[in-house]
Structures are given as structure tokens and as C-alpha cells.
Number of protein chains: 4
Amino acid sequence: MTQPTPDPTLIDKLVLANRILYDQGVVDGFGHVSARHDKSPGHFLLARNMAPALVRRGDIVTFDLDGTALDAAGRRVYLERFIHGEIYRARPDVQAVVHSHSPSVIPFGVTQQPLRPVFHMSGFLGEGAALFEIRAVAGDTDMLVSNGRLGVALAAALGSRSTVLMRGHGSTVVATSLEQAVYRAIYAEVNAKLQLQAMTLGEVTYLNENEATKAAAINDTQLARVWELWQQAVGPIE
Amino acid sequence: MTQPTPDPTLIDKLVLANRILYDQGVVDGFGHVSARHDKSPGHFLLARNMAPALVRRGDIVTFDLDGTALDAAGRRVYLERFIHGEIYRARPDVQAVVHSHSPSVIPFGVTQQPLRPVFHMSGFLGEGAALFEIRAVAGDTDMLVSNGRLGVALAAALGSRSTVLMRGHGSTVVATSLEQAVYRAIYAEVNAKLQLQAMTLGEVTYLNENEATKAAAINDTQLARVWELWQQAVGPIE
Amino acid sequence: MTQPTPDPTLIDKLVLANRILYDQGVVDGFGHVSARHDKSPGHFLLARNMAPALVRRGDIVTFDLDGTALDAAGRRVYLERFIHGEIYRARPDVQAVVHSHSPSVIPFGVTQQPLRPVFHMSGFLGEGAALFEIRAVAGDTDMLVSNGRLGVALAAALGSRSTVLMRGHGSTVVATSLEQAVYRAIYAEVNAKLQLQAMTLGEVTYLNENEATKAAAINDTQLARVWELWQQAVGPIE
Amino acid sequence: MTQPTPDPTLIDKLVLANRILYDQGVVDGFGHVSARHDKSPGHFLLARNMAPALVRRGDIVTFDLDGTALDAAGRRVYLERFIHGEIYRARPDVQAVVHSHSPSVIPFGVTQQPLRPVFHMSGFLGEGAALFEIRAVAGDTDMLVSNGRLGVALAAALGSRSTVLMRGHGSTVVATSLEQAVYRAIYAEVNAKLQLQAMTLGEVTYLNENEATKAAAINDTQLARVWELWQQAVGPIE
């Protein structure tokens with residue numbers, strides 16, 4: 001079975017997304033971002049096993065939703081590609097996924113403190129971040145979502161939300177475009193930092209559900225503005 | 001009606017102000033800074049809708065106080081230009097306005113903790129920062145000051161102060177010059193960070209009103225010193 | 001007695017380790033990293049007394065386990081080389097040692113708060129960090145492990161663990177390779193920062209021992225990925 | 001009365017000290033560092049009124065202990081030169097003075113929390129930082145030490161210590177050389193950050209007086225190592 005070639009501008013955006021997430025402090029040497037294949041909804045695009053900051057066009061591999069690489073050509077792939085495959089399977093609306101160890105978000109996953117929208121930029125958190133406790137699903141593990149069964153469980157925990165905290169590990173955000181996924185990953189981190197600080201001052205007034213929904217909608221009309229900035233900051237890609 | 005051309009050095013300063021605010025961590029891809037038109041007090045200058053760090057001379061647009069662009073030529077404008085217009089209308093003394101999501105300031109806006117001057121550099125906070133609760137004015141919104149009515153309410157909340165916290169959103173500072181506005185935006189952020197930390201140590205002794213007033217006055221004589229540094233850090237403009 | 005020449009690639013890795021630890025914020029002008037001699041287990045390699053960020057190939061000196069330099073040629077050596085020698089003597093499994101004042105780790109050493117694994121990246125902390133109280137061993141000192149007797153006491157406190165906190169001083173991590181030692185030093189710092197923040201939110205769920213052991217094992221298969229990134233960030237060496 | 005020319009290497013060191021303090025985050029656009037004149041103990045060297053990061057050789061001015069400039073040639077001088085003059089007068093052992101708004105130190109000055117040595121690098125804080133409350137000396141002021149009388153009061157508060165906290169303003173450190181003054185200013189900031197974090201974890205074990213004294217003595221033998229690093233980081237001077 002031959003596989004249609006993805007749109008080159010999608011590959012470019014995915015390479016940029018990798019570098020932007022590093023430049024903005026969401027990923028370090030670990031973490032990954034994927035996009036659903038634009039011509040085949042049963043496939044997704046993800047870099048080979050490498051540091052996101054170093055990804056180039058030629059490093060993008062196509063996977064099916066089971067996490068099987070079609071064109072890895074012997075190159076190592078990410079142990080946790082099942083995060084992406086099973087979310088794309090469970091959520092037809094999702095076009096892009098970011099998995100990271102974004103630092104300020106992690107404390108929320110290990111303390112049962114809900115991550116909530118402190119300001120309008122994180123309206124996408126209005127429904128609350130979901131929590132995935134891998135121990136409840138699979139007992140004592142190495143914490144990685146390294147097979148389909150764990151991917152299914154993670155996607156179930158995520159449900160219809162934008163963000164799922166993974167206890168003792170990190171978090172995953174989903175979106176309807178790469179630009180929106182990168183935006184959400186960056187502002188989940190910003191929001192977590194703000195919430196950590198605000199909580200030291202006393203009772204916090206979060207956005208309510210209406211405010212969050214409305215803020216999320218208006219922010220989505222402003223994505224091109226920040227993408228232009230983030231893209232300039234990482235420079236040209238190869 | 002033809003519009004007088006603003007002083008080119010004012011345009012240059014406004015471009016620099018945009019870049020300095022990004023370089024100093026007050027704005028990210030969002031936030032904006034304006035100056036009152038030097039030849040027409042009923043107009044103000046503000047970049048088109050874009051990331052402040054990327055603003056160039058040609059991106060500066062002239063608006064009237066209702067927030068109507070005179071020379072946008074089809075380019076998108078900021079949704080929240082009404083912040084600027086209504087403040088210039090209500091406050092004839094104000095010559096420059098910075099609106100930002102300056103991170104350390106936000107926790108104060110969502111917790112009713114007053115932002116107060118921890119040290120002499122933030123004497124301009126002596127009278128205390130005002131608080132704008134958009135929910136009290138307009139119910140559940142997208143949090144943005146995106147029309148004249150909300151701009152009027154924000155200006156009313158600001159009153160005669162230098163700084164207004166916007167709950168679940170950010171803050172706005174006003175000043176009698178662009179240099180002073182940039183200074184105040186930067187040191188509101190610095191002060192907020194200091195106050196967050198000092199409060200973890202115990203009871204804080206703030207500047208009293210006399211001290212704050214005197215400190216603010218003497219600091220205003222030193223603005224050229226920091227502007228020179230900030231300007232060198234962002235380099236030449238185009 | 002002539003000394004076999006170490007593998008040049010080990011020297012290169014040791015120079016890189018010095019620069020990476022500075023670039024990643026684990027060491028500042030102080031701190032040091034060593035490797036056991038690849039051809040003589042009774043010797044180790046360590047830079048002369050200098051800032052880690054400036055180390056070049058020619059600055060690497062060979063020491064015996066008593067901390068005596070074989071080829072210093074009059075150059076000053078680190079006062080605390082005994083940390084390295086006595087750990088290599090007590091722990092035949094150890095091939096690399098990092099001593100640092102890594103900032104987020106220090107608060108744990110001075111408050112008896114155990115440093116514990118918040119997330120899978122720090123599974124190597126599963127058995128807990130050891131604590132070395134120099135005052136209990138030698139009374140009031142200058143805090144430095146500046147002779148063999150103190151080195152022996154530090155190695156005894158470390159025991160079979162990967163990490164020892166040194167009260168009022170810093171910490172030391174050990175590993176089976178330079179890559180692993182650098183990884184552990186970096187993620188001990190990352191983990192400490194996460195733990196400091198998580199503890200402000202409430203009760204923390206740490207990795208349990210099984211999770212920590214399994215996570216540490218799987219992470220060790222991913223070291224090449226981050227080493228490539230860290231190496232690119234510091235550039236070529238001389 | 002003609003004035004002997006200071007040693008050019010002292011001028012160079014003073015220019016470097018200015019830039020290093022900016023590069024290391026101790027000063028921003030404000031703050032200043034001086035050295036006692038090497039050939040005339042009744043004079044000291046200090047930049048003209050400008051941002052420390054931009055200081056060049058030609059910007060260094062000679063002052064007498066009353067704060068009168070000998071060779072300002074009409075250039076503006078710092079309002080707070082009296083900090084330096086009165087400390088040099090009161091403390092014949094002092095050869096260099098740094099005044100800054102070093103951020104982590106400020107919370108200690110406004111909360112009566114003593115700044116104490118968390119680790120060996122800050123052994124110079126062993127005797128404790130002094131506290132200067134300008135309100136007790138002069139009532140409500142602009143907070144600046146802008147005349148000789150206030151300088152005398154500050155020097156009296158400092159006493160024989162290395163560091164004085166200035167409530168609502170900043171801090172001043174003194175030393176027997178520029179290298180030591182820069183070291184102390186940097187590690188007062190590092191120590192304050194560590195202490196702020198350690199205090200959130202519980203009871204802190206500080207260095208005791210013996211430990212602090214011994215640590216300070218041994219650290220003074222390692223100044224060349226960090227100065228080399230700091231100097232390389234700021235590059236050549238003009």
C-alpha cells in the first residue's frame with residue numbers, strides 16, 4: 001500500500017513546532033509534537049527519536065494509528081508514539097498533539113491540584129485539565145505510555161478536554177492545528193507558573209466557564225500573530 | 001480632514017518602546033504600547049495588530065480616541081485599542097500607555113492582594129494599583145476591553161493612578177512620556193516579583209506615601225540612563 | 001611508573017561534560033566533574049583548578065585515588081579532588097562523578113527534606129538522596145572535602161546511592177558513565193525545582209521504588225538523544 | 001592640588017566590575033561599583049552617572065571622600081556617591097564597594113528576616129548582614145543616600161560587616177579588593193535566592209560562625225578562578 005505524500009507546508013510547520021517548543025521552554029531534550037496526516041486521517045507525522053530542537057525535514061516519519069512507522073528505514077522511533085496514535089484514533093477533531101515535561105505543569109499532576117485558567121490566554125483550560133494516573137491503569141510501570149493499551153487509557157482520561165496531566169511524568173495537549181497545539185502547550189506552562197504564584201497570595205478568582213469559552217474563541221483568531229514571532233525566533237529550517 | 005504628521009522621533013521612540021518591552025519580559029507575543037499624537041491630542045499612535053517585538057516604523061497607525069484607525073489601509077488593528085483611546089480621553093495628563101500580561105503582576109489582579117511599592121524604584125505605585133473587575137461591569141465576557149464602553153469603565157477604574165490591574169487578564173500603566181511608561185511597566189513587573197517573594201518571609205514594610213511620592217520624583221530625573229541601556233539592548237530599528 | 005594514556009574520546013567527553021554542566025546551570029565558576037581512567041581503575045581524570053566552562057583538553061590532569069596529581073606540572077589542582085578519589089575507591093561500579101552547588105538542590109541539604117523523584121526523569125533518585133553532615137564528622141570546618149579522611153566519610157554517607165547532599169555546601173552524583181553522570185546532575189536540579197514547587201501545592205505523590213527503578217532503567221536507553229543536544233549547545237572544543 | 005593617576009589596571013578592573021555585575025544580574029540600569037584610589041586613600045574611582053553595563057575607561061571619575069568629583073568635566077555624577085565616600089572614610093580596610101538593587105536580597109531588607117549564610121560560598125555573611133532603616137535616621141525621604149549625613153549613617157549601620165541591607169532600596173557590600181567585592185555581591189544574591197527557597201521547606205541549618213569564617217577564608221583563595229570566567233563572559237573593554 002503506497003502512502004500519499006503529506007503537504008510540504010505541513011512538514012515545515014511540524015519542524016518549526018519542534019524548534020519553537022524548545023525555544024519557548026516547553027520541551028528540553030525530551031517531549032514530542034505530531035500532526036495528523038493531511039491526506040490520510042489514519043496516519044500521523046512525528047519526528048524520529050531525537051531532541052526536538054534538532055529536528056529537520058528529513059527526520060519526520062509517518063506512522064499509522066497503531067504506532068507503526070511506515071518509513072523509519074531503521075531509524076529509532078519514540079517509545080511513546082502511542083500517545084499520539086491513540087489520541088488521533090479516539091478524537092477525530094484533533095489534528096495536532098504535544099507531549100512534554102513542561103516544568104510548571106508537573107507540580108499539578110503530582111498533587112491533585114486542578115490546573116485552572118488564571119487569565120484569558122489559557123481559556124482552553126476552562127473545562128479543567130484531565131488527570132492520568134498510570135498506576136491505576138497498569139500498576140507500577142516505568143511511567144511511559146509505551147504501548148497501545150496505555151495510549152488508549154491516556155486518551156480515555158483526556159476525554160473531550162484539551163489537556164491531560166500525567167502523574168509523575170508530564171502532560172499532553174491536543175488541538176485542531178499545529179499552531180493551536182503549540183499555543184496551548186506554551187500557555188499551559190505560563191498559566192501553571194501564574195497559578196503557582198497566585199496561590200501563594202490567597203484565594204484565586206479563576207475564569208468561569210463562560211469567560212474561559214469566550215476567551216478561548218477570541219484567542220484563536222490571534223494565533224498568526226504569535227506564530228510569526230515564534231517562527232522568527234527559531235530562524236530558518238533545513 | 002487631513003491629519004498632521006507626528007514627529008518622526010516620536011515614531012522612533014514608539015518602535016523602540018515596543019521592542020524594549022519584549023526584550024525586558026513585559027510583553028510576549030501580546031500586549032501593546034501607544035503614545036498620544038504630539039500634534040493632535042485627540043489622536044494616538046499604536047502599531048497594527050502584530051507582535052510588539054517585530055514592530056517597525058511603517059507599522060505605526062494613527063487612531064482617534066474612539067479607536068478608529070485613520071491610516072490602517074486594510075491592516076488588522078488590535079482588538080483592545082479602546083484601552084488606549086478611552087484613557088487618553090479621560091486623562092489629559094497621560095501621554096503614553098502600556099497594556100501587558102506582565103507575568104508577576106497577574107497574581108495580584110486575581111487575588112485582591114494590593115500591589116504596593118516594595119522599593120524606591122516603584123514609587124509610582126505609592127497610591128496603590130487600581131483593580132478592574134470586568135465581570136462587575138459587563139458580566140461574563142471574553143475578558144478583552146474590545147469596545148468603547150469597556151474602555152470607559154477601565155479608565156474609570158484607573159482614576160488618577162498610574163497602574164490598573166485587570167482581573168484574569170493583565171495590567172495597564174500610564175505615564176507622561178514613553179520613557180516613563182516603559183520604566184513603569186518594567187518596574188511594576190520587578191516590584192511584583194519582589195513583593196511575591198517578600199510576602200513569603202513575613203510582614204512587609206512598604207514605602208509610605210511620602211516616601212513613594214519623593215522616590216517617584218527623583219527617579220524621573222534618571223530615565224535617560226536606563227533608556228540608553230534598553231535601547232542599546234534592542235539595537236537599531238527599521 | 002609510567003601511566004597508560006587515556007582514550008582521547010574519554011578526554012573529549014570530559015571536556016564536553018565540563019562545558020555542558022555550565023551551559024545547563026549545574027555549575028557556575030565552581031564545581032567539577034571527573035571520569036575514572038579507562039585503562040587504569042586506580043586513577044581518575046579531572047581538570048586543573050579552573051572554571052568548568054573554560055576547560056580544554058590540555059587542562060585534564062590524571063590523579064591517583066589518594067588525590068595525588070601525576071601530571072599537574074605545577075598547575076593548581078582542586079581542593080576537593082578527594083571527593084572523586086575516595087568515591088572511586090569505595091565504589092568500583094562508579095565511572096564518573098559530578099560535584100556541584102546546583103542551586104535548587106541546596107535547600108534540601110540544609111533542611112533535612114528528602115530529595116525524592118517527582119517524575120520519571122529522576123528515577124535515579126528512587127532510593128533517596130543521602131545526606132552528608134560534615135559537622136558530625138569533623139566539627140566546625142570550612143565545609144570543603146579537602147582531605148582523604150573527609151572524602152572517605154563522604155563516600156560512606158553516599159553508600160550505594162546515586163546522589164549525596166552535602167549540608168551547607170552542595171551535592172555529588174555518581175554514575176556508570178560521563179553521559180549518565182551529566183544527565184543525573186542536570187535532572188537532580190530539575191527534580192529539586194519541581195519538588196520545591198509541588199510542595200507548595202500540598203501532599204506530593206512521588207514515584208514509588210518500583211516505578212523509580214523501572215523509569216531509571218528505560219531513561220538510560222535514551223542518553224544519546226540528550227547528549228547530542230547538550231553537545232551542540234556548547235559547540236566544538238579545543 | 002594635582003591628583004596622582006590611578007594604576008591603569010585598576011581602571012580596567014573597575015570597568016570589568018561594572019559589566020560583570022550587569023552580566024551576572026546584580027545590577028540593572030541602576031547600581032554602582034567603586035574602588036579606592038590605589039595611590040591616594042582619600043579618593044575613590046566611580047563611573048559617571050550611567051548604566052553600569054555601558055561603562056568604558058573614559059567614564060571613570062575620581063572623587064574625594066566628601067563625594068566631590070575632581071575630573072567630572074561637567075558630566076553628571078551618581079546621586080548616591082556618598083555611599084562610597086563615607087564607607088571609605090569609616091572603613092580604612094575597605095578597597096571596593098558595590099551598591100545594588102540585587103533582587104533576591106531586597107525581600108530580606110523589607111521584612112527584618114536576617115540574611116544568613118546558607119552555604120560555604122557566602123561565608124562572608126557569617127556575622128550577619130546589617131540593616132539600614134533610613135526612616136529612623138531621616139524620616140520620610142526619597143530613600144536615596146544622597147548626602148554626606150546619610151552616607152555617614154549608612155556606614156555606621158554597616159559597622160564592621162561586609163553587607164548592609166537598605167530597607168526599601170537595596171544593599172551595599174564592601175571588600176578588600178574589586179574581585180572580592182564582585183564575588184560578594186554575586187553570592188549575596190545567590191545566597192538570598194537559596195535562603196528564600198530553603199525557608200519554604202522548613203527549619204534551615206545555617207553555617208555557624210566558625211564555619212562561616214573558615215569558609216570565607218578558603219574561598220578568598222579561589223577568586224582568580226571565577227574572575228577569569230566572569231571576565232571572559234563580558235568580553236574585551238574599551
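Order of the sequence lines fixes the chain letters, A, B, ..., with proteins taken first and strands second; residue numbering starts at 1 for each chain.
The two atoms that bring C:P107 and D:A198 nearest to each other are CB-CA, 3.7 Å, heavy atoms only.
Each of D:L207, D:V190, D:T213 has some count of heavy-atom pairs under 4.5 Å with chain C, and the biggest count is that of D:L207. Interface check for chain C: of the options D:K214, D:E209, D:K193, the most heavy-atom pairs under 4.5 Å are formed by D:K214. Contacts with chain C were tallied for D:L229, D:V226, D:N210; D:L229 has the most, counting heavy-atom pairs under 4.5 Å. Put simply, of C:I106, C:N49, C:L144, C:D28, the one with the most heavy-atom pairs under 4.5 Å next to chain D is C:N49.
Note: C:M50 CE to D:R225 CZ = 9.5 Å, rounded to the nearest 0.5 Å. Rounding to the nearest 0.5 Å places OG of C:S146 at 7.0 Å from CD1 of D:I218. Note that OG1 of C:T200 and CD of D:Q197 are 11.0 Å apart. Values are rounded to the nearest 0.5 Å. Between C:H101 atom NE2 and D:Y187 atom OH the span is 8.0 Å, to the nearest 0.5 Å. Atom-to-atom distance recorded for D:T205:OG1 and C:Q112:CD is 5.5 Å, nearest 0.5 angstrom. In this structure, D:E211 CD and C:D142 CG are separated by 9.5 Å, a value rounded to the nearest 0.5 Å.
No part of D:M199 comes within reach of chain C, as not one of its non-hydrogen atoms sits under 4.5 angstrom from that chain. Interface residue C:T111: backbone and side-chain heavy atoms are both found under 4.5 Å from chain D. In this structure, chain C has heavy atoms under 4.5 Å from both the backbone and the side chain of D:Q222. Both the backbone and the side chain of C:F30 come within contact range of chain D, with heavy atoms under 4.5 Å apart. At a 4.5 Å heavy-atom cutoff, D:S122 makes no contact with chain C through either its backbone or its side chain.
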Checklist line | Pair D:T221-C:R76, side chain to side chain contact (heavy atoms under 4.5 Å, CB included): steps then yes or no | finding: CA-CA 11 Å; D:T221 68; C:R76 285 178 82 178; 4.3 Å; yes
### Task
Evaluate the side chain to side chain contact (heavy atoms under 4.5 Å, CB included) criterion for residues D:Y206 and C:V110: first the C-alpha distance (whole Å), next the side-chain angles of each, then the deciding distance (0.1 Å), finally the verdict.
CA-CA 7 Å; D:Y206 298 99; C:V110 298; over 6 Å; no
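Around atom CZ of D:R56, no more than 12 heavy atoms belonging to other residues, nucleotides or ligands sit under 6.0 Å away.
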